[in-house]
Amino acid sequence: MTERLSDVTTGTDTSAEGRDSDSYEANRTTSNPDSYAGARETTEGTVYTVTGGDWDEVLAEAAGDERIIMNLGPQHPSTHGVLRLVLELEGETVTQARSVIGYLHTGIEKNCEYRNWTQGVTFVTRMDYLAPLHNEAAYCMAVEKLLGITVPQRAQVARVVLMELNRISSHLVALATGGMELGALTGMTAGFREREEVLHLLEFLTGLRMNHAFIRPGGLAQDFPEGAVQRIEEFIKVMDSRLPDYDKLLTGQPIWRNRLAGVGYLPVDACLALGITGPILRSAGLPWDLRKVDPYSGYENYEFDVPTSTAADSYARYLLRVEEIHQSLRIVRQAMAALPAGPVMVEDAKVAWPAQLTIGADGMGNSLEHVRKIMGQSMESLIHHFKLVTEGFAVPAGQVYVPIESPRGELGYHLVSDGGTRPMRVHVRDPSFVNLQSMPAMCEGGMVADVIASVASIDPVMGGCDR
């Protein structure tokens, strides 16, 4: 019975069939006598035994011969979204870095071509889902430019308020997720706590926390509700009291600074060559902010600073985002003080859709007065309302490009109209897509751990990349 058992000390088969197999010493000497690991063939396969040698010499001989290809993402908590990074590593050093996108693709631009101009707002607000109001505003400004209409002043100021509140919430997500990816979990909980304050306020103002579809061609879907001024003032007080905590928690924290300072370096000439905008460009020393250099929506009437740095690293981008939150609060204060009375939608009945919105027991809908009029008093009003909702308004033929300053940089909408009620072409210059080009330049030559910090400082939103 024991003759059919394998010898566990040598790994060779000592049964009758395997008794004539080569011995361990014979295999060791014939395989590679100069190697540090002797080899022998057994019934279980080739077995190697390390017999000694200097480990440093082994590493020195192997260095440069093999490089590891590693996939980071797309399902990874530190890739800042549904992003796949293909890294070529030599030890812990990144020798080559490539980004792979498309895992979140939804065909939003093409979908817009099959909806009327107003319905397009519902699609574009889902591109950069952390800055939905900026997408709505840029799209509507492009439509309004094609129509040749001017938005009422109250709607202009309200748009500025909404966009700056959205900028604050977006930067808070950048700080929170960047902290989470680098292990600063208290920074994450604080960032999302403050973001909830913004989202609660936006829900009060627009009816929704995200993807609002509140900014419409010609103005706004409806006016701010009663008590908006008081709620915004309370929010500003909360932010003023909590923002200094970020300096105590992160800015002066030596571990946080060491993880970010000198990491993801991208000088201004590289930014210009790659088309980089937003906080990345301003961290390299160029004060390029479309709210200043090419004002829109009345931004020329507000006093605010464009913070810059010359460090051009991840730490500088963190500092700039914190300072931009302060500047956005400064703009909101001025806007609320200057909020004029008046309508929030153009008076042109051929464009102003929906006609009159109100918030009732069933949510957002047309006011009862408007429903009574179109249903019981005027057949022409009913026909017009029906055609405006189903077909939409016609936009004169032409093409426009309208850029604005989103939290991530230049967000531009290129719209082409053939004179119909639907766009012929919608193309978006999304800053996340363009800024992601800087990832290899920031990461190659650095450590794997620094890749996480660099991508977090870019702050890409994959909904915008994969639109």
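Along the sequence shown, residues carry numbers from 1.
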- Message: Please evaluate residues Gln156 and Arg159 with respect to the criterion side chain to side chain donor-acceptor pair (under 3.5 Å), reporting the C-alpha separation (whole Å), side-chain torsions for both, the decisive distance (0.1 Å), and the verdict.
- Response: CA-CA 5 Å; Gln156 294 276 26; Arg159 286 181 178 184; 4.8 Å; no
- Task: Apply the test side-chain contact (heavy atoms from CB on, under 4.5 Å) to residues Tyr413 and Ile404: give CA-CA distance (whole Å), side-chain angles for both, the deciding distance (0.1 Å), then the verdict.
- Result: CA-CA 9 Å; Tyr413 274 78; Ile404 70 169; over 6 Å; no
- Task: Carefully, step by step, assess Leu87 and Ile69 under the rule side-chain contact (heavy atoms from CB on, under 4.5 Å).
- Result: CA-CA 6 Å; Leu87 306 178; Ile69 304 296; over 6 Å; no
- Derivation of the side-chain contact (heavy atoms from CB on, under 4.5 Å) call for Arg167 and His134: CA-CA 9 Å; Arg167 191 184 311 277; His134 290 85; 3.5 Å; yes
- Please walk me through it: do Thr79 and Arg84 pass side-chain contact (heavy atoms from CB on, under 4.5 Å)? CA-CA 7 Å; Thr79 52; Arg84 175 186 171 203; over 6 Å; no
- Query: Should Glu303 and Arg333 be marked as a salt bridge (Lys or Arg N to Asp or Glu O under 4.0 Å) after you check the CA-CA gap, both sets of side-chain angles, and the distance that decides it?
  - Reply: CA-CA 11 Å; Glu303 292 185 6; Arg333 287 192 193 95; over 6 Å; no
- Message: Test side chain to side chain donor-acceptor pair (under 3.5 Å) on Tyr129 and Asn135; report intermediate values, then the result.
- Response: CA-CA 9 Å; Tyr129 41 78; Asn135 281 281; over 6 Å; no
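Between the side chain of Thr95 and the main chain of Glu90, no donor-acceptor pair closer than 3.5 Å is present. With Arg154 contributing its side chain and Pro343 its backbone, the two residues share no donor-acceptor pair below 3.5 Å. Distance alone, capped at 3.5 Å, places no donor-acceptor pair between the Arg216 side chain and the Val121 backbone. At distances below 3.5 Å, not a single donor-acceptor pair connects side-chain atoms of Thr125 with backbone N or O atoms of Thr122. Counting only distance, with no hydrogens or angles, the side chain of Glu410 and the backbone of Arg429 share no donor-acceptor pair below 3.5 Å. Panel note: side chain Arg98, backbone Glu88; no donor-acceptor pair is recorded below 3.5 Å. Within the 3.5 Å criterion, the main-chain N or O of Gly107 finds a donor-acceptor partner in the side chain of Asn111. Between the side chain of Tyr139 and the backbone N or O of Trp117, at least one donor-acceptor pair lies under 3.5 Å. Judged by distance alone, the side chain of Gln230 and the main-chain N or O of Gly227 form no donor-acceptor pair under 3.5 Å. The backbone N or O of Val434 sits less than 3.5 Å from a side-chain atom of Gln437, completing a donor-acceptor pair.
At a threshold of 4.0 Å, the pair Arg425-Glu113 counts as salt-bridged, since one of the basic side-chain nitrogens sits closer than that to a carboxylate oxygen. Arg317 and Glu324 are not joined by a salt bridge, as no carboxylate oxygen comes within less than 4.0 angstrom of a charged side-chain nitrogen.
Here CG of Leu89 is found 11.0 Å from CD of Gln96. Values are rounded to the nearest 0.5 Å. The distance from the OG atom of Ser169 to the CD atom of Glu196 is 10.5 Å, given to the nearest 0.5 Å. To the nearest 0.5 Å, atoms OG1 (Thr310) and CG (Leu286) are separated by 12.5 Å. Residue Leu274 holds its CG atom at 11.0 Å from CG of Leu281, rounded to the nearest 0.5 Å. Here the CG-CG distance, from Leu201 to Leu162, works out to 9.0 Å after rounding to the nearest 0.5 Å. The distance from the OG atom of Ser454 to the CG atom of Leu266 is 9.5 Å, given to the nearest 0.5 Å.
Considering every non-hydrogen atom in both Pro407 and Ser170, the closest pair reads CB-OG, 3.4 Å. What you find for Val160 and Ser297 is that their closest heavy atoms are CG2-O, 3.3 Å. For the pair Asp240 and Pro244, the tightest heavy-atom approach, listed with the atom from each and the gap, is O-CD, 3.2 Å. Taking each heavy atom of Thr421 and Gly392 in turn, the nearest pair found is CG2-O, 3.6 Å. The two atoms that bring Pro403 and Leu290 nearest to each other are CB-CD1, 3.9 Å, heavy atoms only. The heavy-atom pair separating Ile168 from Ser328 by the smallest distance is CG1-CB, 3.6 Å.
Considering only heavy atoms from C-beta on, Leu147 comes within 4.5 Å of Pro396 through its side chain. In this structure the side chain of Val455 never reaches within 4.5 angstrom of the side chain of Glu181, judged on heavy atoms. Inter-residue side-chain proximity for Leu411 and Asp430 is flagged as met; some heavy-atom pair is nearer than 4.5 Å. Residues Pro423 and Leu415 form no side-chain contact, since every pair of their non-hydrogen atoms from C-beta on lies 4.5 Å or further apart. In this structure, the side chains of Glu203 and Leu208 stay at 4.5 Å or more apart for every pair of heavy atoms. Side-chain atoms of Ser457 and Leu260, non-hydrogen and from C-beta on, never get closer than 4.5 Å to each other. Looking only at side-chain heavy atoms (C-beta outward), Thr118 and Phe393 come within less than 4.5 Å of each other. Between Leu205 and Ile232 the shortest side-chain heavy-atom distance falls below 4.5 Å.
In summary, the side chains of Ser438 and Asn435 do not present any donor paired with an acceptor at a separation below 3.5 Å, with no hydrogens or angles considered. The closest side-chain donor-acceptor pair between Glu164 and Tyr299 falls under 3.5 angstrom. Residues His212 and Thr206 have side chains that bring a donor and an acceptor to within less than 3.5 angstrom of each other.
Within a 6.0 Å sphere centred on CG of Leu272, other residues, nucleotides and ligands contribute more than 12 heavy atoms. Atom OH of Tyr401 is surrounded by more than 12 heavy atoms from other residues, nucleotides or ligands within 6.0 Å. For Glu226, the CD atom sits in a loose shell: 12 or fewer heavy atoms of surrounding residues, nucleotides or ligands are nearer than 6.0 Å. Open room surrounds CD1 on Ile68; 12 or fewer heavy atoms of other groups in view lie less than 6.0 Å from it. Under a cut-off of 6.0 angstrom, the local environment of NZ in Lys350 is sparse, with at most 12 non-hydrogen atoms contributed by other residues, nucleotides or ligands. Within a 6.0 Å radius of CE in Met70, other residues, nucleotides and ligands contribute more than 12 heavy atoms.
Under the 30°/60° scheme for interplanar angles, the aromatic rings of Phe224 and Phe214 are found to lie parallel.
Applying the ring-ring contact (aromatic ring centres under 6.0 Å, His included) test to residues at least two apart or on different chains, the pairs with a partner in residues 239-266 are Trp256-Tyr318.
In this structure, Lys292 is positioned above the aromatic face of Phe304, its NZ or CZ under 6.0 Å from the six-membered ring centre and within 45° of the axis. A cation-pi contact, defined as under 6.0 Å to the ring centre and within 45° of the axis, links Arg467 to Phe433.
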